[in-house]
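Chain A is the first sequence line, chain B the second, and so forth, proteins listed ahead of strands; every chain is numbered from 1.
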Protein chains: 4
Amino acid sequence: MAQQARKRPNDVLRDSEWTKAQLLDAARLEFSEKGLSGARVNDIAARASVNKQMLYYYFGDKEGLYCAVLNHAYEGIRARENELDLAALAPVAAMERFIGFTFDYLTENRYFVALLNDENIHKARHILDSEHLQGLHERLQETIGDILTRGEREGVFRPNVDPIDLYISIASLCYFYYSNIHTLSAIFGRDLSDRSATHHRRQHVIDFVGAYLEK
Amino acid sequence: MAQQARKRPNDVLRDSEWTKAQLLDAARLEFSEKGLSGARVNDIAARASVNKQMLYYYFGDKEGLYCAVLNHAYEGIRARENELDLAALAPVAAMERFIGFTFDYLTENRYFVALLNDENIHKARHILDSEHLQGLHERLQETIGDILTRGEREGVFRPNVDPIDLYISIASLCYFYYSNIHTLSAIFGRDLSDRSATHHRRQHVIDFVGAYLEK
Amino acid sequence: MAQQARKRPNDVLRDSEWTKAQLLDAARLEFSEKGLSGARVNDIAARASVNKQMLYYYFGDKEGLYCAVLNHAYEGIRARENELDLAALAPVAAMERFIGFTFDYLTENRYFVALLNDENIHKARHILDSEHLQGLHERLQETIGDILTRGEREGVFRPNVDPIDLYISIASLCYFYYSNIHTLSAIFGRDLSDRSATHHRRQHVIDFVGAYLEK
Amino acid sequence: MAQQARKRPNDVLRDSEWTKAQLLDAARLEFSEKGLSGARVNDIAARASVNKQMLYYYFGDKEGLYCAVLNHAYEGIRARENELDLAALAPVAAMERFIGFTFDYLTENRYFVALLNDENIHKARHILDSEHLQGLHERLQETIGDILTRGEREGVFRPNVDPIDLYISIASLCYFYYSNIHTLSAIFGRDLSDRSATHHRRQHVIDFVGAYLEK
DNA sequence: AATGAATGAGTTTTCATTCAT
DNA sequence: TATGAATGAAAACTCATTCAT
């Protein structure tokens, strides 16, 4: 994720892999800062310390690179989610960990929010027909569904909660805060980015979802 | 909101107002579909059936037009909110009406979501320092604060809810659904745009917020 | 045909017409010298003393300009043909005038040969479906058919000559000499471009066709 | 001429010859389809199933390869001509065989026409100073001259026909049909490529030349 | 207040060629 | 002899903006 060393290593990665990784990394930043149409391939190549042509060689064109970045981003968050081992926790704890993770991931990976924002402007044109992505998210549904079922069985969660409804609500509460953080800060005249504000928000979201589930 | 009549009115004296309105209207669509950098001034002028130069005459440049569109959009939703007359309703009913309105407004004005999405990519650069907008939103805070206070006093709402926290949560639950509707539809393999899906979501949001407040 | 005056006149042509004419003229030269893929839009614009963007504004893209040039070229030769007034001449004289004109036109408009050469490399992709062009050539067929019919009736031409067969043969004998003049000059070690060589060729073609028709 | 076997032969020692042949073959196709400037070295290498760098190794650069292809092409047709053994035939039969061969060779080797077309756009720059080519064509002149002399002596051909004049006319009548087959088909609205059309043309050319010689 | 033509800097993309191994 | 990666110059095309009327 972090910017690699400037000079390519002669050992660890074969050069082409290094080049591709550099480009993906640079593109992720550029696209998240400026969106697809605002991004400049020149700038991506410069950020990646790579010849511009390599971008076309490996990714076809600007949009091809954009697609690759999006897929990579989704894989990143879902992979981290899968490491949470929620099945091993009691329902309430599992849910709290899931919500906390979701919030924290966005806190630390603000680019992800910006990327999805932009992709939605393009009506998700660049991830449509990605069976790969749908596969990733089936697993997500199962994970949440499993927590809900266990919670319901144990009497700690309300019954009949649809996992997708719930996921969208959790994502809403976490994601919107960051996706709209600049306009919200502007209209309310407060800086919502600082540590105390985000910490406050994190707790609010956990309480908010908890209230619904425990009802 | 709707596309204005194609031919300019006979009331010739108001030509300039007509031209400006045409441009704002066309720009709102164009910017919401393609974002600031994706939008084309040629296309805006064409959509407005107006000479391109008029855009520069009335709005200075592309970004000036973009600012005007944003302000216009915020004024639109806040003006409609102010017509709800929430102070006249009991707290629970007032809250439900507010949530319902928020959801419905976005359902009917999807462009607003796209516009804010894009403006957040630009870090709200175009609405910063707009005292006018901050003024609009102080009134919003008061409205919500008033409902909360009354609800708390009457024992139907939990105490000590911060109006801004709550507003952000309500907005999250309504807005995110639309802002991310395309990626959500893609990753879950369902069309979230159809009537039954949005209707279902609307109720879910009302329940979700209700559970928190009533707790 | 000839390069227009460098500065655009304020009177004769409206500016846009002047600009388009300049571009067509410059493009005709450039395309005939270098072919479609060898031509450079920069060079065309420079030759036309016109801003490069005008090319895109008026002709869409490089290929659009190429199509326009081709149509213009065909119109040019066919228009000149139609001025020959062949119907007023006796068959043998008419045929001689037609052959002489064809040869002379190519002598003076070598670009036309190069242009068609190149278009044939592209399998005539840029003039396909041009009903306009087919219309132009129906008239050509009629003109030749009329001469042949009259000649046959008067007993000076052999019977049953197909006008298209004959036209292709005449065109072959005139056109090939110019289309392949460089390779022919190279392999035979003679310069076929000089006046005496072309004059000699002109007579040869007239004799050649005459021998066939009179047979 | 025909596409070589896809896999290189086991006779490993001749790898370099195989590679060169593959490249020449692929280049011939590519250049005849797209011309020198339209051809892509990437595509040639891909068609040849050979590493792009080999092209530079064996032929210097794109133009070097183009020159090699042209020379190869001329050698091909002249070699086949020399196998005709025209000296053994009576003048009229020899001439018919020569014309028939010329037409048929182009029918079967359309690439040759396209190649010369393109080379003429470049003003034969790539075959100039090729003494080798001039040598090849001196023999051609002698062959035709010999047939004419014999025919004249036997009283079956008109006297004083210049072999180069005649050769150019024969080549014209055969070559132009193919070189311009696409534009001719387009402007006359007929497909001149089909078997019956080419067969008809072949006979027309033989008659046409015959009428001139026998006169 | 309005129009059509023009501009120039910038943007994506292409392509022949070379490098390093 | 052969390969995959890399390069840099140049190409087509775009676009916000301004000019002249």
Side-chain angles (χ1 to χ4, degrees), chain A residues 8 10 14-20 37-45 50-65, chain B residues 8 12-20 36-45 50-65, chain C residues 8 10 14-20 37-45 50-65, chain D residues 8 12-20 36-45 50-65:
Chain A
R8 71 190 57 171
N10 276 324
R14 274 176 49 245
D15 284 359
S16 73
E17 292 305 315
W18 181 88
T19 301
K20 277 191 268 187
S37 38
R40 296 293 165 244
V41 293
N42 269 334
D43 295 350
I44 293 173
V50 146
N51 185 286
K52 183 173 34 163
Q53 161 62 3
M54 292 294 91
L55 189 160
Y56 293 92
Y57 188 71
Y58 290 117
F59 298 97
D61 60 9
K62 193 186 181 186
E63 284 199 68
L65 181 54
Chain B
R8 66 187 58 173
V12 206
L13 297 175
R14 293 181 132 283
D15 259 18
S16 77
E17 290 305 313
W18 180 88
T19 301
K20 275 195 272 187
L36 171 57
S37 39
R40 298 293 163 244
V41 292
N42 268 334
D43 294 351
I44 293 173
V50 147
N51 185 283
K52 189 173 30 167
Q53 172 63 9
M54 292 296 92
L55 188 158
Y56 292 92
Y57 188 75
Y58 288 117
F59 298 95
D61 60 10
K62 191 189 183 186
E63 285 199 70
L65 180 54
Chain C
R8 69 190 57 172
N10 277 325
R14 274 176 50 243
D15 284 359
S16 73
E17 292 305 314
W18 182 87
T19 301
K20 277 191 267 186
S37 38
R40 296 295 164 242
V41 293
N42 269 333
D43 295 351
I44 293 173
V50 147
N51 184 287
K52 183 174 34 163
Q53 162 61 3
M54 292 293 92
L55 188 159
Y56 293 94
Y57 188 72
Y58 289 118
F59 298 96
D61 60 9
K62 193 187 181 185
E63 284 199 69
L65 180 54
Chain D
R8 68 185 58 171
V12 205
L13 296 175
R14 289 179 134 287
D15 259 18
S16 77
E17 290 306 312
W18 181 88
T19 301
K20 274 195 271 187
L36 171 57
S37 38
R40 297 296 164 240
V41 292
N42 269 334
D43 294 352
I44 293 173
V50 146
N51 185 283
K52 189 172 32 164
Q53 171 64 10
M54 291 297 92
L55 189 159
Y56 292 92
Y57 187 77
Y58 287 117
F59 298 96
D61 60 10
K62 192 189 183 186
E63 284 199 70
L65 180 54

Strand-adjacent residues in residues 58-65 of chain A, judged by heavy atoms under 4.0 Å from DNA chain F: A/Y58
Which residue pairs pass the side chain to side chain donor-acceptor pair (under 3.5 Å) test when at least one of the two sits in residues 51-62 of chain B, sequence neighbours left out? B/N42-B/K52
Heavy atoms only: give me the nearest A/G38-B/S37 pair and the separation to one decimal. N-OG, 3.4 Å
By nearest atom, which of the nucleotides E/dT13, F/dT1, E/dA6 is closest to the C/D15 side chain? E/dA6
With B/L65 as partner, the option from B/L36, B/V41, B/L55 fulfilling side-chain contact (heavy atoms from CB on, under 4.5 Å) is B/L55
Examine E/dG10: is either OP1 or OP2 under 4.0 Å from a nitrogen or oxygen in the side chain of A/R40? Give yes or no. no
Any C/Y57 side-chain N or O less than 4.0 Å from OP1/OP2 of E/dA5: yes
Name the closest nucleotide to the B/V41 side chain, picking from F/dA16, F/dA2, E/dT17. F/dA16
Nucleotide pairing, DNA chain F (Watson-Crick or G-U, distances under 3.5 Å), in dot-bracket with [ ] and |: .||||||||||||||||||||
Given DNA chain F, 5'-ward residue of the pair C/A39 and B/G38, judged by closest heavy atom: C/A39
Roughly, in whole Å, what's the span from CH2 in A/W18 to C1' in F/dA5? 12 Å
What integer distance in Å separates C/Y56:OH from E/dG10:C1'? 14 Å
Does any N or O donor sit under 3.5 Å from an N or O acceptor when you compare the side chain of D/K52 with the base of E/dT17? yes
What contact category does B/A45 fall into here, base, sugar-phosphate, or nothing, at under 4.0 angstrom with non-hydrogen atoms? nothing
How long is the span from the CG atom in A/D15 to the CE atom in A/M54, to the nearest 0.5 Å? 11.0 Å
Result for 5'-nearest mapping on DNA chain E, choosing between B/Q53 and A/S37, is B/Q53
So, does the side chain of B/N51 form a donor-acceptor pair with the base of E/dG4 at under 3.5 Å? yes
What is the distance, to the nearest angstrom, from the CE atom on A/M54 to the P atom on E/dC15? 15 Å
In whole angstrom, give the distance that lies between atom CD1 of C/I44 and atom P of F/dA11. 12 Å
If only side-chain N and O atoms of B/T19 are considered, is one of them under 4.0 Å from the OP1 or OP2 phosphate oxygen of E/dA1? no
Can you tell me if C/S16 touches the phosphate of E/dA5, counting only side-chain N or O atoms and a distance under 4.0 Å to OP1 or OP2? yes
Rounded off to whole Å, could you give me the CG-to-C1' distance for the C/L55 and F/dC13 pair? 10 Å
Within this structure, what is the NZ-to-P distance between A/K20 and F/dG4, rounded to whole angstrom? 13 Å
Expressed in angstrom and rounded to an integer, what is the separation of B/N42 atom CG from E/dA5 atom P? 13 Å
